[in-house]
Undergrad: 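Below: one structure in structure tokens.
A quick note: this is a predicted structure, and the numbers were derived from the prediction, not measured.
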There are 2 protein chains.
Amino acid sequence: MDNRPSSLDWTHIRAFLAVAETGSLSAAARALGLSQPTLGRHIRALEETTGNALFTRSPRGFDLTDLGLALRPQAEAMRAAAQAMELAAAGRDTRTAGPVRLTASVYVAVYLLPPILARLRQDHPEIEIELVPSDRSENLLFHEADIALRMYRPEQLEMVTRHLGDLPLGLYAAPGYLSRKGTPQDFTEILDHDVIGYDRDDRIVRGFRAAGLDVTRDWFPIRCDDQVACWEMTCAGCGIGIAQRVVGEAEPRVVPVLPGAPLPALPVWITAHAATRHTPRVAAVWQALTTGLAPLVS
Amino acid sequence: MDNRPSSLDWTHIRAFLAVAETGSLSAAARALGLSQPTLGRHIRALEETTGNALFTRSPRGFDLTDLGLALRPQAEAMRAAAQAMELAAAGRDTRTAGPVRLTASVYVAVYLLPPILARLRQDHPEIEIELVPSDRSENLLFHEADIALRMYRPEQLEMVTRHLGDLPLGLYAAPGYLSRKGTPQDFTEILDHDVIGYDRDDRIVRGFRAAGLDVTRDWFPIRCDDQVACWEMTCAGCGIGIAQRVVGEAEPRVVPVLPGAPLPALPVWITAHAATRHTPRVAAVWQALTTGLAPLVS
DNA sequence: CATATGATATTCATTTTCGAATGGACAATC
DNA sequence: GATTGTCCATTCGAAAATGAATATCATATG
């Protein structure tokens with residue numbers, strides 16, 4: 001019994017991916033220009049080092065187990081990198097063709113990125129952009145995205161991060177709402193108003209507490225997790241909403257409320273894997289994002 | 001004759017990355033557990049399929065060409081994906097038998113762990129323990145270890161950490177030394193004594209400062225980076241040394257000095273990857289360490 | 001029910017790959 | 001200037017991986 005924890009053989013990983021995709025050793029062998037016994041040995045070797053079955057065998061072919069399913073995305077990421085390497089090695093001037101996956105908060109993706117990405121598409125039409133709007137925090141890791149824009153400092157090893165600046169926030173409301181409920185003249189008066197808050201995100205609550213207002217989650221008459229929906233409700237006159245100033249000032253349906261209100265500013269961080277940060281594509285997108293966001297942050 | 005660049009061999013890419021990082025075939029061979037001729041062949045094969053030189057050879061080693069420089073990030077991305085795959089595989093390893101790699105400070109590894117690991121071996125003989133004593137801080141991540149014991153709180157995402165408690169410290173000296181130089185009756189009298197300090201680690205200096213004694217690194221007549229060597233020198237009568245109480249009290253060659261001295265306690269943190277924390281092996285070792293260390297920390 | 005098809009496992013001779021050993025070149029050090 | 005250490009290139013016998021051929025199984029089909 002040779003329990004070897006040794007690291008995985010990259011050739012075996014390639015075989016794993018081919019079998020996973022074709023569903024059979026024979027088809028994978030044809031695709032890779034190898035023989036069926038060889039592929040079988042590679043898969044078996046991989047299963048021996050991981051200690052668990054990656055496929056269920058049947059006379060019809062190979063099917064991924066749960067473990068195999070979990071491992072497949074990483075293998076695909078490896079192949080993507082290998083393909084990029086081959087491109088770079090072949091046409092040595094190889095530029096930036098290919099996809100870049102970008103994740104950002106829904107809010108940023110909706111209100112800030114479109115003009116920046118339009119400009120990027122114009123300057124680098126060979127780069128395809130996959131935009132993943134997401135407010136969950138943990139989805140950027142391990143190759144779910146090449147670049148992430150976040151409102152907090154990511155703390156990961158192997159990640160390159162840069163603080164782009166801070167997005168000032170402001171309070172806004174539709175004129176119709178203000179004529180109905182009056183316009184607060186002082187920050188404390190806001191307690192008598194309908195403030196639109198995010199449901200699970202407690203940053204707003206904490207922000208109010210920091211400003212000296214003792215409110216709880218229940219105090220907000222309208223709660224919604226989706227920041228875009230929150231903003232649309234604000235624009236529609238549901239109450240006073242919080243928005244980034246660059247967005248609020250550009251929105252004709254609302255007017256600023258209490259411009260001097262003590263609201264914090266949202267930090268903006270850009271993050272990429274150290275491994276991919278300097279590949280041409282990722283570098284180009286990184287550059288476009290930093291320059292495009294620069295005028296928006298203070 | 002031009003062999004069609006069918007496609008790059010992933011094993012060769014791995015060799016490329018190792019050589020690029022180490023700067024020599026020999027060092028890369030050591031890192032990969034292969035031989036220098038093998039690495040040389042891999043690189044040559046890669047250069048033949050791409051048709052371009054990736055390194056400039058010199059008797060001092062291998063240097064990346066511009067093309068090789070351009071290819072390196074993609075190779076790094078591949079390895080990042082491979083590491084992610086290995087981590088994912090390790091996180092789903094259901095085997096109870098096999099190795100667990102454990103890292104701890106040299107001091108802990110020498111004086112605290114042996115009985116705990118002996119007990120663990122007895123209870124779980126199917127688990128092999130690889131102990132990596134190390135005082136460098138950054139070596140636990142990315143699967144260099146499954147579990148780490150540290151004297152500070154690790155701050156990484158994707159890591160599970162738990163504070164096990166604090167190890168109280170005490171001052172100790174050999175009777176021979178004390179009869180030669182006298183026994184200090186007050187903490188300030190310690191300035192007239194030979195205190196054995198760690199060389200690069202400034203925690204002792206800061207501890208003395210916090211206690212109101214203005215000392216600098218040069219004040220310590222014996223300095224040594226190795227904590228085990230420091231303690232052995234203390235036991236041998238070189239001066240007054242600092243040790244964890246559990247160690248000092250159990251050592252017949254020394255007696256306590258100034259039991260009430262205001263020394264800080266060392267926090268003990270146990271850490272593991274979130275991905276592997278709950279695999280049977282890692283969980284068993286985690287359990288053994290927490291219960292084994294519990295009576296030692298206050 | 002017999003047959004054809006397409007799949008995996010196994011075997012074994014062949015090819016490929018590997019590593020120990022060796023020699024030579026350069027740099028640092030005494 | 002000799003010595004030592006580290007590096008690369010080459011050689012060659014040993015070890016490992018490979019693929020053609022074959023056996024076997026399950027299914028679909030007439």
Undergrad: Do Thr38(B) and Ser35(B) have a side chain donor and acceptor closer than 3.5 Å?
TA: yes

Undergrad: In whole Å, I'd like the distance from the CG atom of Leu34(A) to the P atom of dT15(C).
TA: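 Atom-to-atom, Leu34(A) to dT15(C), this comes out as 17 Å.
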
Undergrad: Among Ile270(B), Ile147(B), Val282(B), Leu120(B), whose side-chain contact (heavy atoms from CB on, under 4.5 Å) with Leu102(B) holds?
TA: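 Running side-chain contact (heavy atoms from CB on, under 4.5 Å) over Ile270(B), Ile147(B), Val282(B), Leu120(B) with Leu102(B) returns exactly one hit, Ile147(B).
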
Undergrad: Check whether any side-chain N or O of His42(A) sits under 4.0 Å from OP1 or OP2 of dA17(D), and answer yes or no.
TA: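 The answer is no; no side-chain N or O of His42(A) sits under 4.0 Å from OP1 or OP2.
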
Undergrad: Between Arg253(B) and Glu232(B), is there a side-chain N and carboxylate O pair less than 4.0 Å apart?
TA: yes

Undergrad: Whole Å only: how far is the CD1 atom of Ile43(A) from the P atom of dT18(D)?
TA: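 That distance rounds to 12 Å.
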
Undergrad: Quick test of your reading: applying side-chain hydrogen bond (donor to acceptor under 3.5 Å, both in side chains), list the pairs with at least one residue in residues 62-72 of chain B, sequence neighbours left out, ordered by first then second residue.
TA: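 Pairs touching residues 62-72 of chain B that pass the test: Arg72(B)-Glu76(B).
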
Undergrad: Given atom CZ of Arg41(B) and atom P of dT15(C), what is their separation to the nearest angstrom?
TA: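 Roughly 18 Å, once rounded to whole Å.
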
Undergrad: If you assign each of His12(A) and Arg44(B) to its closest nucleotide in DNA chain D, which residue comes earlier from the 5' end?
TA: Arg44(B)

Undergrad: Report the distance from atom CZ of Phe55(B) to atom P of dC7(D), rounded to the nearest whole Å.
TA: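 Phe55(B) atom CZ is separated from dC7(D) atom P by 15 Å.
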
Undergrad: Determine: side-chain N/O of Thr38(A) to OP1/OP2 of dG19(D), distance under 4.0 Å, yes or no.
TA: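 Result: yes.
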
Undergrad: Can you find a pair of side-chain heavy atoms, one from Leu113(B) and one from Leu289(B), that are under 4.5 Å apart?
TA: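 Result yes, sub-4.5 Å side-chain heavy-atom pair found.
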
Undergrad: When you compare the protein's N or O atoms with those of nucleotides 4-9 of chain C, which come within less than 3.5 Å of each other, and at what distance?
TA:
residue, atom, partner, partner atom, Å
dT8(C), OP1, Leu25(A), N, 2.4
dT8(C), OP2, Ser26(A), N, 3.1
dT8(C), OP2, Ser26(A), OG, 2.6
dA9(C), N7, Gln36(A), NE2, 2.9
dA9(C), N6, Gln36(A), OE1, 3.2

Undergrad: Does any non-hydrogen side-chain atom of Trp231(B) lie less than 4.5 Å from one of Val228(B)?
TA: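 Result no, sub-4.5 Å side-chain heavy-atom pair not found.
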
Undergrad: To the nearest angstrom, how far is Leu46(B) atom CG from dT17(C) atom P?
TA: 14 Å

